[in-house]
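Encoded as structure tokens, here's the structure I'll be asking about.
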Number of protein chains: 2
Amino acid sequence: MRERLFRTAPYTVDAVLVTAMGNELAILLVRNSSERERWSLPWRIPQTGETLEAAATTVAKDALGELPTWVEQIGAFGDGKRHPSETDVSVAYLGLVPHETAAPRAGYAWFQAADLRPLAPRQRAMVEGATKAIQSSLDQAPIAFRLLPPTFTLSELQQMYELLLDKRLHKASFRRALQAAWLVEPMDEWRSEGRGRPAQLFRYLPKKKRRAHRGVRFDFLYP
Amino acid sequence: MRERLFRTAPYTVDAVLVTAMGNELAILLVRNSSERERWSLPWRIPQTGETLEAAATTVAKDALGELPTWVEQIGAFGDGKRHPSETDVSVAYLGLVPHETAAPRAGYAWFQAADLRPLAPRQRAMVEGATKAIQSSLDQAPIAFRLLPPTFTLSELQQMYELLLDKRLHKASFRRALQAAWLVEPMDEWRSEGRGRPAQLFRYLPKKKRRAHRGVRFDFLYP
DNA sequence: CCGAATTAGTCACTTTCTGCGACTAAAGTC
DNA sequence: GACTTTAGTCGCAGAAAGTGACTAATTCGG
């Protein structure tokens, strides 16, 4: 391969940092330094030797001061769409952050998915990719737990699932499935949240591979 | 952002082309032009203006003379692992090809997944990513159909699923699930394959979004 | 102090889905 | 024509999921 010189930086790493705010998902944006009314996803050009994932966590740390509880690559985006940087391609990462620990630094702010600021086309595609990734790996990975504090009530957990699935769930069925999966462990603590009966606190209980050995489901989404 | 010059090409696009050969999946490799005993995944540095996916389909067309029936991005790979190119990052694409139409050009050959040639670390990671992608989107996307010719018998379809899932399926259950999903359409043709009763031919019947409205399943794989 | 309201947690019933064996059907083989 | 081989279906038993109604523990407003 002949060596050439390239004018643009090789690529950027962009982070779609997601938290649950109120009853919606929210995404972290950073205010553009030149045009003050423009916002964008936080991004960075990796240093030489820096891995992609390390670049993504650095972006997150610069924005929030904390590491996300879950980091996952969404993919590479390019295809001619505009980006704040001049690069052809950006690698997008999804980062999950529990809302309690997610105080944005100056210049950064959470925007609920419904009233997001206009983004450059490539970053818009990344946000869509991130929400799709959340939906599709929701029952493959402990997404919901990574958006909650380490201990939580089952009602909180159910609300989180309802938010992520955008669907109401039946309490008894939800708990039955939860029990069958051995996913949570009860603590010896209860929390009284104003009105009704106090709720027991639980924590996520990571488990050894218990592969669900089911038949085919054919839950196709695409044409 | 200050403009700089970069010594390496921005990135490569690599293709993991997969077909079903005999009772196993096979992956297409290309013989290295300098070291004749080395093989690698086919790859390419995109031209300016060429989209990532276009680069991937071009790689496939150069290798097989035909377009894959399914193309899907797996992700960006880098993280310091070695690659035939000198780039820091490669974007990997999965391409599915029915075995009937998949005659490799000179220099290319199919290798069953079991006896794959040794690959550069980054490409090895891509192959793993591809097999994971196949497994995980098997009931989200018509993967199996894209590895079969346009018309097929239900036994062939079942065998394809058994190959992909690496698990035996029960005939009646398989067909019941298939029927419930309205995924295939019977043709007015039968095919006699030597011995037993002739089998009816079917074709894939893409459907309008019939979202599976199920509850949560918690089929977690990870710890 | 008591009853209504509120939230947590469980139970039991019904419906649906799945695993599976056994059956019928249509070909080839000897 | 009996036997083998592959295709395709039926129907039951047990498991899983959907659902409403129930009990439990607390606050609030009198």
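Numbered from 1 within each chain, the chains take letters A, B, ... in sequence-line order.
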query = Any side-chain N or O of B:Ser155 less than 4.0 Å from the OP1 or OP2 oxygen of D:dA7?
reply = yes
Rounded to whole Å, the CZ-P distance (A:Arg168 to D:dT19) equals 12 Å
Here the ring-ring contact (aromatic ring centres under 6.0 Å, His included) pairs for residues 132-156 of chain A, sequence neighbours left out, are A:Phe145-A:Phe152, A:Phe145-A:Tyr204
Applied to residues 90-112 of chain B, the side-chain hydrogen bond (donor to acceptor under 3.5 Å, both in side chains) test, sequence neighbours excluded, yields B:Thr12-B:Ser90, B:Gln73-B:Tyr93, B:His83-B:Ser90, B:Ser90-B:Arg122
Polar atom pairs (N or O), protein with nucleotides 20-23 of chain C, under 3.5 Å:
from: C:dG21; atom 1: N7; to: B:His170; atom 2: NE2; distance (Å): 3.2

Taking every heavy atom of B:Ile134 against every heavy atom of B:Val18, the minimum-distance pair comes out as CD1-CG1, 4.1 Å
Does a salt bridge link A:Glu37 with A:Arg31, judged by any charged N lying under 4.0 Å from a carboxylate O? yes
The reported gap from CD1 in A:Ile143 to OG in A:Ser137 (rounded to nearest 0.5 angstrom) is 4.0 Å
With A:Leu29 as partner, the option from A:Leu17, A:Val127, A:Leu116 fulfilling side chain to side chain contact (heavy atoms under 4.5 Å, CB included) is A:Leu116
Checklist entry - Within the structure shown, what part of the strands sits under 4.0 Å from A:Gln200 by heavy-atom distance: base, sugar-phosphate, or nothing? => result sugar-phosphate
Correct closest heavy-atom pair for A:Pro42 and A:Val59 would be CB-CG1, 3.5 Å
A:Phe174 CZ to C:dT7 P, in whole Å, measures 18 Å
Tabulate atom names and distances for all N/O pairs under 3.5 angstrom spanning the protein and nucleotides 26-28 of chain C.
from: C:dA26; atom 1: N3; to: B:Arg197; atom 2: N; distance (Å): 3.4
from: C:dG28; atom 1: O4'; to: B:Arg195; atom 2: O; distance (Å): 3.3

Could you check whether A:Arg195 pairs with A:Glu193 (Lys NZ or Arg NE/NH1/NH2 to Asp/Glu carboxylate O, under 4.0 Å)? no
note: A:Glu193, atom CD; D:dC28, atom P; distance rounded to Å ~ 12 Å
Give every pair of a protein N or O atom and an N or O atom of nucleotides 1-3 of chain C that lie under 3.5 Å apart, one pair per line with the distance.
none

For residues 170-180 of chain A, the side-chain hydrogen bond (donor to acceptor under 3.5 Å, both in side chains) pairs (sequence neighbours left out) are none
When rounded to whole Å, the CG to C1' distance for the pair B:Leu157 and D:dA7 reads 14 Å
Between CD of B:Gln158 and P of D:dA7 the distance, given in whole Å, is 9 Å
task = Indicate yes or no for a side-chain donor-acceptor contact from B:Gln200 to the backbone of B:Met187 under 3.5 Å, with no hydrogens or angles considered.
result = yes
Atom CG of B:Leu178 and atom P of D:dT9 are separated, to the nearest Å, by 11 Å
Separation of D:dT6 atom P from B:Glu156 atom CD, nearest Å, is 14 Å
Under a 4.0 Å threshold between the charged nitrogen and the carboxylate oxygen, would A:Arg146 count as salt-bridged to A:Glu72?
no
A:Lys167 atom NZ is separated from D:dG18 atom C1', nearest whole Å, by 12 Å
